[in-house]
Amino acid sequence: MSAFSTAVAGTELPSAVHVTSTAQLVKYAGGAYDYSGIHYDQDYARSRGFSGVIVHGFLKAGLLARLASEWAGDDAWVASFTARYVGVDVVGAPIVCRGRVDEVSADAASLTLELWTENADGAVTTRARAVLRAEGKQN
Amino acid sequence: MSSRLQSDFIASADERVTTFVGVVSPVRLVRVNEHARAVSAESMQGIIDLRTAHTPPRLEDVCPDPLVFAIESGLPRIRVLDRQIDGGSSWRNLRPVPIDDSFYAVSQISAVDERHTATGRLMMRAHYETRFTTRRGELIGTAIGYSLDVEVAS
Amino acid sequence: MTELTWQAGQTWASDPFRPSLSSVVRWAAGSDDFTAFHFDPAVATELGHAGPVVHGTWKASVLRHQILGWLGDDAYLTEFDVEYRRADIVGEELRSTIEISGVADAPGLGHHVTGSAQIVASDDSVTTSARFVATVPPTRSDNALPIDELKKAVRLGDIAGQVTYRIDVSDVRRFRESLGMEGEVNEGDDAPPTFFAALDPVERRDINLDSFLLDLPIPMTGGGNATNEVEYVRPFRVGDVVTVTTRYTEVYEKKGSRGTLLFRVRVNDFTDAQGAPIAQSRCSHVLSFDLSSSPAAGGQQR
């Protein structure tokens, strides 16, 4: 029995902790073709009004989506994903990824996850929702 | 980039000059000289609106003679035909010139082209191009000085 | 945004002016060109000139400043080409003329004004000839964001752009690695759920219509993606050739705790090589500005 098939509203996902580094931000910049200097250039980030180099919002979304898809395994796929960035994460600090099942469809073929990241101060910095579906992945 | 004023030049294949294409000068660190700018502005007093001399500097202010600027960096002046004349200058500004910081200048003979005058004399034109970049590697712009090497009528 | 007053065909002419020895000496000092024939009559005569010869570079400088004086305080030259046709002697009367040959819209920058200028001697011969492209910035308020200009620049409501990307094994592998995901990637494999970020032409700067916002003379206090949403018909897969059509759907500002927030919302439609939909994303990006402080002196030009 997989995590996906036994999930009910309120089921907690196992948490994951990621510690970012400038090297990882550079890797993400290359992987996503987002070369904005706020993610690797300290002087430039400050000129844009940040306290220093910040983690890409999309990178945090990627870490949360990874949490969801690894929890679902081969049993389901992410059919929709929404992320809202409510706080900044500075490079180098640990980011905790958490999630819980929000609701399960009547036929148990899909469920909605609530996902979020917490920064080193325990503040929520990203709020996300993912809809996982067991089938319907058109070819 | 080429001067739009004379567009009928074609790339030269003359080995006496193509051997110079690509020659690069040593890198120089330069800076806006506010005193020089002020004295230059005074030279135009009564002729121009002096407010225009207080706008942020452009490469034309840093490098009013791109040909001399490039040759002073150590690039050779090509002298193959009879007479060498100043062929004009071109500037392209992409970014503001740094005011409080120095910036890099690298000069190069970037191209040699040629044409024949109306009376059939050969005219070769060497492009002495300087690229200016900030200390962060961003391109400020380029300045080209054109050196004309011309045949004199016999 | 004010109406632009410049049009092709407009001309300007200077009053007559005479370069004096005093001008030449100052220009020699300012440009570090002390070649003697510019100020020594004997040397000039020996070289066959009627008198000391005005620096060509001085004439170019006069023309540049006359162009800027005519086009206005905020105008700046992006391109300038000059040719020195004939020597002019110190003390001789000269005059300049400028003509505009074209005006083009430059969204986010203002307008590009193209034209020519020349210095003419008393015998009506052209001694110095120039061609220029000047940028005339739009009139902007110092303490308000250029919303209308921004809406026009991003083509609000219309298609902002369309780009095609091929998803290769290495693209997905690199993306997975950057998220700390291990394992092999093969042709046909599903890409991770946020891979739509790597196919966003605005994130990739393949569509870059609002970058002028970063050059406004208003201090910035942060910003970044505000929200990212995606809905899939199916996951992206290695081997897909994806066409992305981007439309900006909203541009608005909102007062925040740290400044004025400027939101730009865009929708991307992702289709496969046959034109079938794969996904749709909606992304909101925010830039935060501090409108309370006074702008930097002189503004910021490009």
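Any value given below was found using the heavy atoms of this structure, including those in side chains, with hydrogens, waters and symmetry copies removed. In what follows, every chain begins at residue 1, and chains take the letters A, B, ... in the order their sequences are listed.
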Handout entry: Any donor-acceptor N/O pair, B:Ser43 side chain to C:Arg26 backbone, under 3.5 Å
Key =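 Judged by distance alone, no pair lies under 3.5 Å.
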
Exercise for the section: Run the salt-bridge test on B:Arg92 and C:Asp81 with the 4.0 Å N-O cut-off and return the result as yes or no. Expected result: yes

Handout entry: Side chain proximity check, B:Met44 to C:Ser61, heavy atoms < 4.5 angstrom
Key = yes

Residues, nucleotides or ligands: over 12 heavy atoms within 6.0 Å of [X] [atom1]:
| X | atom1 | answer |
| --- | --- | --- |
| B:Arg51 | CZ | no |
| B:Glu15 | CD | no |
| B:His116 | NE2 | yes |

If you compare all heavy atoms of [X] against all heavy atoms of [Y], which two are closest, and at what distance to 0.1 Å?
| X | Y | result |
| --- | --- | --- |
| B:Val39 | C:Ala29 | CG1-CB, 4.0 Å |
| C:Ser31 | B:Pro64 | CB-CG, 4.1 Å |
| C:Gly30 | B:Ala36 | O-CB, 3.5 Å |

Exercise for the section: Sort B:Ala38 into side chain, backbone, both or neither according to what part of it lies under 4.5 angstrom from a heavy atom of chain C. Expected result: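 It is neither, since no heavy atom gets under 4.5 Å.
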
Practice task
Sort B:Asp61 into side chain, backbone, both or neither according to what part of it lies under 4.5 angstrom from a heavy atom of chain C.
Solution key: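 Contact with chain C involves both backbone and side-chain atoms of B:Asp61.
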
Exercise for the section: Would you mind listing every ring pair (Phe, Tyr, Trp, His ring centres under 6.0 Å) that reaches into residues 77-105 of chain C, with sequence neighbours excluded? Expected result: B:Trp91-C:Phe80

Practice task
Using a cut-off of under 4.5 Å on heavy-atom pairs, state which of B:Ser40, B:Gly88, B:Ala41 scores highest against chain C.
Solution key: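 The answer is B:Ser40.
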
Distance (rounded to the nearest 0.5 Å) between [X] [atom1] and [Y] [atom2]:
| X | Y | atom1 | atom2 | result |
| --- | --- | --- | --- | --- |
| C:Tyr76 | B:Asn93 | OH | CG | 10.0 Å |
| B:Glu60 | C:Thr57 | CD | OG1 | 12.5 Å |
| B:Gln45 | C:Ser20 | CD | OG | 10.0 Å |
| C:Leu77 | B:Thr55 | CG | OG1 | 9.0 Å |
| B:Ile48 | C:Ile67 | CD1 | CD1 | 12.0 Å |

Practice task
Among the options C:Trp27, C:Phe132, C:Phe17, pick out the one with the most heavy-atom pairs lying under 4.5 Å from chain B.
Solution key: C:Trp27

Practice task
Take C:His65 and B:Ile47 through the test side chain to side chain contact (heavy atoms under 4.5 Å, CB included) and record every step on the way to the result.
Solution key: CA-CA 9 Å; C:His65 287 90; B:Ile47 297 168; over 6 Å; no

